[in-house]
Visitor: 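Pasting a structure below so you can have a look.
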Amino acid sequence: MAASKPVEPQSATGLPRWQLALLVGTPIVLGVGAVYLWNRSRRKGMKGTGERKTPEGTNREEEKNMSPLDHAQSSKNKGNKYFKAGKYEKAIQCYTEAIGLCPGDQKADLSTFYQNRAAAFEQQLKWTEVVQDCSQAVELNPRYIKALFRRAKALEKLDNKKECLEDVTAVCILEAFQNQQSMLLADKVLKQLGKEKAKEKYKNREPMMPSPQFIKSYFSSFTDDIISQPLQKGEKKDEDKDKEGEAISGSWENAGYLKAKQYMEEENYDKIISECTKEIESGGRYTAEALLLRATFYLLIGNATAAQPDLDQVINMKDANVKLRANALIKRGSMYMQQQQPLHSTQDFNTAAEIDTQNPDVYHHRGQLKILLDQVDEAVGDFDECIRLRPDSALAQAQKCFALYRQAYTGNNLSQVEKAMDGFEDVIRRFPKCAEGYALYAQALTDQQQFGKADEMYDKCIELEPDNATTYVHKGLLQLQWKQDLDLGLELISKAIEIDNKCDFAYETMGTIEVQRGNLDKAIEMFNKAINLAKSEMEMAHLYSLCDAAYAQTEVAKKYGLKPPTL
């Protein structure tokens with residue numbers, strides 16, 4: 001769409017499980033039977049003696065000789081039996097007794113008793129008590145994985161996402177990121193935090209005009225868009241008219257839309273919305289065009305709330321130029337997709353195709369939507385239709401090729417992968433000036449670990465578009481993957497920021513690398529810069545998730561001295 005950016009474990013003995021069952025089964029059964037018979041005979045012999053047995057089979061004399069820790073362990077064992085029987089209140093009583101009996105210097109045992117009581121509280125859904133007992137356990141044993149994870153789950157239930165994330169981050173590091181359960185909880189909490197923070201931040205953010213390079217790239221993705229076309233000779237107010245002796249009409253002075261178009265050509269983008277507003281408020285002849293242009297710039301600065309009424313109005317103007325209405329539908333459909341409303345998005349693209357069947361932009365951008373929805377066959381069909389209507393559309397040719405490549409690559413269809421790679425060669429041969437063709441081919445070559453050739457493709461991109469910051473970021477990432485050259489990778493990403501200090505992708509990538517290097521404070525700084533530049537609430541939520549993950553790691557490092565492996 002518009003301006004889019006892509007073994008079951010074996011047993012310790014090595015024996016099959018059924019063999020283990022045979023080896024241990026018989027002795028266990030015999031042992032249980034022997035204990036039962038022994039106890040029965042003992043009970044018969046003890047009738048009338050008045051001697052009381054302890055839960056663990058010790059008599060009073062033996063009990064006198066037990067250490068305080070033995071007493072505590074006995075209570076804990078009794079609690080475990082109640083726990084297994086589902087008698088959680090009695091289990092809690094036993095664990096409480098164990099905690100009271102345990103000597104304070106036996107920290108490992110004491111932490112276990114607290115953690116066991118927390119497990120019983122968990123069964124009763126008493127989350128506050130779970131947190132309290134797990135905290136005691138962790139204080140006694142700071143790297144107690146079971147207690148940390150149980151506390152994390154309870155904190156999530158109490159909607160304390162920040163501390164939950166810190167605990168589950170510690171668990172992930174201690175488990176070397178190998179446990180699926182803890183990883184899933186971390187991912188869930190990060191997404192929830194990201195959405196909450198992005199919703200608040202995006203609502204109150206200051207609109208920000210993206211870089212001129214981004215704006216030009218956005219408009220270049222449309223080939224049949226009236227508002228992105230240069231002013232016609234009769235529309236221009238310029239020095240040539242004065243030289244030709246043509247009078248400048250007073251109506252031009254009041255035509256805000258034509259002024260806005262002039263500002264577009266001059267890349268004076270900050271004045272466009274206000275000029276379009278003048279046209280709309282005066283009810284001028286270019287009202288529909290002004291509404292669409294204003295909506296487009298509202299979208300570019302990330303103000304979808306302001307953009308939607310303008311797009312709605314253009315779409316509902318039955319007497320407006322059909323190409324204006326189709327373009328408004330494409331942009332509203334793209335906006336809906338960014339808002340994660342794929343049904344509304346699909347409806348808008350389909351309506352655009354119905355009202356303007358010969359518009360290549362409709363099929364091009366709907367093809368991109370279908371890729372996002374993982375409907376590759378339909379995407380290829382749309383790209384084909386775009387190419388039929390506009391055979392010189394290099395962008396559609398390149399994106400169709402990439403769609404076919406991804407389908408073959410994810411499906412592990414080697415012959416189709418090879419065919420798609422040949423397709424890229426054909427695209428760059430026929431359209432040598434299409435930077436996108438080289439960029440997409442480079443991504444495919446990187447997948448195939450043909451790093452040298454991918455590097456050459458990125459160099460071609462830079463030659464064609466030296467001010468495209470995104471290409472420098474991709475080339476920098478390639479150096480990391482190919483040569484493990486961290487310095488060169490960071491140098492190229494820094495170059496991207498120098499070219500375009502509003503390139504959120506560059507800041508995000510830099511932040512990710514700094515996390516992997518262990519420079520968490522620097523990573524957080526980079527993520528925050530990217531957050532302030534995010535072009536949609538969905539992008540912002542993703543960036544907050546990255547930032548929160550880095551922040552949680554800093555807190556875990558302070559609390560427990562835990563750090564994940566670094567580059």
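This chain uses plain numbering: 1 for the first residue, then up along the sequence. Both backbone and side-chain heavy atoms feed into the values below; hydrogens, waters and symmetry mates do not. Fair warning: this is a prediction, and the values are worked out from it, not measured in the lab.
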Visitor: Using a 6.0 Å cut-off, check whether atom CZ of Arg285 has over 12 heavy atoms from anything other than its own residue.
Guide: no
Visitor: Compare all side-chain heavy atoms of Gln484 with those of Gln479 and state whether any distance is below 4.5 angstrom.
Guide: no
Visitor: May I have the step-by-step check of side-chain hydrogen bond (donor to acceptor under 3.5 Å, both in side chains) for Thr223 and Asp361, ending in yes or no?
Guide: CA-CA 6 Å; Thr223 59; Asp361 290 343; 3.0 Å; yes
Visitor: Run His364 and Gln399 through side-chain hydrogen bond (donor to acceptor under 3.5 Å, both in side chains) and show every step you take.
Guide: CA-CA 9 Å; His364 177 197; Gln399 290 180 343; 2.7 Å; yes
Visitor: Is a side-chain donor or acceptor of Tyr298 paired with a backbone partner of Leu293 at a separation under 3.5 angstrom?
Guide: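 No.
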Visitor: Got a donor-acceptor contact below 3.5 angstrom from the Asn532 side chain to the Asn528 backbone?
Guide: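 Looks like yes, one N/O pair under 3.5 Å.
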Visitor: Please give me the minimum heavy-atom distance between Pro466 and Ile499, naming the atom from each residue.
Guide: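 Heavy atoms of Pro466 and Ile499 come nearest at O-CD1, 3.6 Å.
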Visitor: Walk me through it: do Glu175 and Ser182 pass the test side-chain hydrogen bond (donor to acceptor under 3.5 Å, both in side chains)?
Guide: CA-CA 9 Å; Glu175 294 175 329; Ser182 52; 2.8 Å; yes
Visitor: With heavy-atom distances below 4.5 Å as the criterion, would you say the side chains of Glu166 and Gln553 are in contact?
Guide: no
Visitor: Is it true that Glu514 and Arg517 make a salt bridge, defined as a side-chain N closer than 4.0 Å to a carboxylate O?
Guide: yes
Visitor: Can you find a heavy atom in the side chain of Gln516 that is under 4.5 Å from one in the side chain of Thr512?
Guide: yes
Visitor: May I have the step-by-step check of side chain to side chain contact (heavy atoms under 4.5 Å, CB included) for Ile226 and Asn327, ending in yes or no?
Guide: CA-CA 9 Å; Ile226 292 172; Asn327 189 267; over 6 Å; no
Visitor: Please check this pair: side chain of Ser217 against backbone of Gln213, looking for a donor-acceptor N/O pair closer than 3.5 Å.
Guide: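 Not a single qualifying donor-acceptor pair exists.
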Visitor: Rounded to the nearest 0.5 Å, what's the gap from CZ on Phe383 to SG on Cys386? Could you check?
Guide: 8.0 Å
Visitor: So, Tyr336 versus Gln308: side-chain donor-acceptor pair below 3.5 Å or not?
Guide: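 On atom types as modelled, these side chains qualify, holding a pair under 3.5 Å.
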Visitor: On the 0 to 90° scale, with breaks at 30° and 60°, tag the His474-Phe505 ring pair as parallel, tilted or perpendicular.
Guide: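 His474 vs Phe505 ring planes: tilted.
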Visitor: In terms of heavy-atom contacts, does NZ of Lys323 have more than 12 from other residues, nucleotides or ligands at under 6.0 Å?
Guide: yes
Visitor: Check this for me: does any side-chain nitrogen of one of Glu425 and Arg429 sit under 4.0 Å from a carboxylate oxygen of the other?
Guide: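 No salt bridge links Glu425 with Arg429.
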Visitor: Take Val189 and Val168, measure what side chain to side chain contact (heavy atoms under 4.5 Å, CB included) needs, and give me the verdict at the end.
Guide: CA-CA 9 Å; Val189 175; Val168 78; 5.6 Å; no
Visitor: Parallel, tilted or perpendicular, judged at 30° and 60°: which one describes the rings of Phe402 and Tyr405?
Guide: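 Tilted: the ring planes of Phe402 and Tyr405 meet at 30° to 60°.
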Visitor: Any salt bridge between Glu200 and Lys203, counting N to O under 4.0 Å?
Guide: yes
Visitor: Under 6.0 Å from the CG atom of Asp312, do we count more than 12 heavy atoms belonging to anything else shown?
Guide: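 Result for CG/Asp312: enclosed.
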Visitor: Ignoring hydrogens, what is the shortest heavy-atom contact between Ala506 and Ile493? Give both atom names and the distance.
Guide: O-CG2, 3.6 Å
Visitor: Could you tell me whether Lys197 and Asp548 make a salt bridge, using a distance below 4.0 angstrom between a side-chain N and a carboxylate O?
Guide: yes
Visitor: Salt bridge or not for Asp384 and Arg388, using N-O below 4.0 Å?
Guide: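 Between Arg388 and Asp384 there is no salt bridge, as every charged N stays at least 4.0 Å from the carboxylate O atoms.
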Visitor: Can any side-chain N or O of Glu418 pair as donor or acceptor with the backbone N or O of Leu414 at less than 3.5 Å?
Guide: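 Here the side-chain-to-backbone pair does not exist.
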Visitor: State whether a side-chain donor-acceptor pair under 3.5 Å links Ser415 with Asn413.
Guide: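 Checked: Ser415/Asn413 side chains pair up, N/O donor to acceptor below 3.5 Å.
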Visitor: Is it the case that the ring center of Phe349 lies less than 6.0 angstrom away from the ring center of His344?
Guide: no
Visitor: Taking Lys529 first and then Asp504, would you say they form a salt bridge - that is, a charged N and a carboxylate O separated by under 4.0 Å?
Guide: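 Judged by the 4.0 Å cut-off on N to carboxylate O distance, Lys529 and Asp504 do not form a salt bridge.
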Visitor: For the CD atom on Gln341, are there more than 12 heavy atoms of other groups (residues, nucleotides or ligands in this structure) within a distance under 6.0 Å?
Guide: yes
Visitor: Could you tell me if Lys331 sits above the aromatic ring of Phe222, with its cationic atom closer than 6.0 Å to the ring centre and no more than 45 degrees from the axis?
Guide: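 Yes, Lys331 sits over the ring of Phe222.
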Visitor: Would you call Thr351 and Arg325 a side-chain contact if the rule is heavy atoms closer than 4.5 Å?
Guide: no
Visitor: Would Lys188 and Glu156 pass as an ion pair if we require N to O under 4.0 Å?
Guide: yes
Visitor: Using side-chain heavy atoms (C-beta onward) and a distance below 4.5 Å, is Ile227 in contact with Tyr257?
Guide: yes
Visitor: Judged by atom type as modelled, is there a donor-acceptor pair below 3.5 Å linking the side chain of Gln313 to the main-chain atoms of Leu311?
Guide: no
Visitor: Is there a donor-acceptor pair under 3.5 Å between the side chain of Ser393 and the backbone N or O of Ile387?
Guide: no
Visitor: Are the charged groups of Arg406 and Asp447 less than 4.0 angstrom apart, N to O?
Guide: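 Yes, Arg406 and Asp447 are salt-bridged.
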Visitor: Is there a side-chain contact between Trp482 and Gln449, using heavy atoms and a 4.5 Å cut-off?
Guide: no
Visitor: Any salt bridge between Lys495 and Glu491, counting N to O under 4.0 Å?
Guide: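 No, no charged N to carboxylate O under 4.0 Å.
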Visitor: Side chain to side chain contact (heavy atoms under 4.5 Å, CB included) for Gln416 and Gln407? Distances and angles first, verdict last.
Guide: CA-CA 9 Å; Gln416 289 300 312; Gln407 185 182 43; over 6 Å; no
Visitor: Which pair of heavy atoms, one from Pro391 and one from Gln397, lies closest together, and at what distance?
Guide: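 So the minimum-distance heavy-atom pair works out to O-NE2, 3.5 Å.
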Visitor: Distance check, rounded to the nearest 0.5 Å: Asn468 atom CG versus Cys503 atom SG?
Guide: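 Result: 8.5 Å between the selected atoms.
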Visitor: May I ask you to say whether Glu279 pairs ionically with Arg294, meaning some side-chain N is under 4.0 Å from a carboxylate O?
Guide: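 No salt bridge links Glu279 with Arg294.
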Visitor: For Gln181, look at atom CD and say whether over 12 heavy atoms of other residues, nucleotides or ligands are found less than 6.0 Å away.
Guide: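 No - once you tally the heavy atoms of other residues, nucleotides and ligands closer than 6.0 Å, there are 12 at most.
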Visitor: Would you say that Lys502 contacts Pro210 through its side chain, given a criterion of any heavy-atom pair below 4.5 Å between the two side chains?
Guide: no
Visitor: Which atoms form the tightest heavy-atom contact between Asn303 and Tyr202, and what is the distance?
Guide: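 Heavy atoms of Asn303 and Tyr202 come nearest at N-OH, 4.4 Å.
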Visitor: Please identify which of these residues, Asp485, Ile513, Leu490, meets the side-chain contact (heavy atoms from CB on, under 4.5 Å) condition with Leu480.
Guide: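 Only one of Asp485, Ile513, Leu490 forms a side-chain contact (heavy atoms from CB on, under 4.5 Å) with Leu480, namely Ile513.
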Visitor: Would Asp455 and Lys453 pass as an ion pair if we require N to O under 4.0 Å?
Guide: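 Lys453 and Asp455: not salt-bridged.
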Visitor: For residues Ile215 and Phe297, determine if any side-chain heavy atom of one lies less than 4.5 Å from a side-chain heavy atom of the other.
Guide: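 Ile215 reaches Phe297 side chain to side chain.
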Visitor: Between Tyr286 and Lys261, is a side chain to side chain contact (heavy atoms under 4.5 Å, CB included) present by the stated rule, with each step listed?
Guide: CA-CA 11 Å; Tyr286 296 110; Lys261 288 289 292 280; over 6 Å; no
Visitor: Answer yes or no: is there a donor N or O on one side and an acceptor on the other, between the side chain of Lys460 and the main chain of Lys433, under 3.5 Å?
Guide: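 Absent.
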Visitor: Test your reading of the model: is there a side-chain donor-acceptor pair from Ser221 to the backbone of Tyr218, 3.5 Å cut-off?
Guide: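 Yes, Ser221 side chain to Tyr218 backbone: donor-acceptor pair under 3.5 Å.
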Visitor: Once you measure the plane-to-plane angle for Tyr441 and Phe424, does it fall in the parallel (<30°), tilted (30-60°) or perpendicular (>60°) bin?
Guide: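 Parallel.
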Visitor: Pick out which of Thr346, Asn350, Asp348, Ile330 makes a side-chain contact (heavy atoms from CB on, under 4.5 Å) with Arg366.
Guide: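 One option only clears the test, and that one is Asn350.
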Visitor: Starting at OG of Ser220, measure out to CD of Glu436 and round the result to the nearest 0.5 Å.
Guide: 8.5 Å
Visitor: Within 45 degrees of the ring normal and closer than 6.0 Å to the centroid, is that where the cationic atom of Lys522 sits relative to Phe527?
Guide: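 Output no; distance or angle outside limits.
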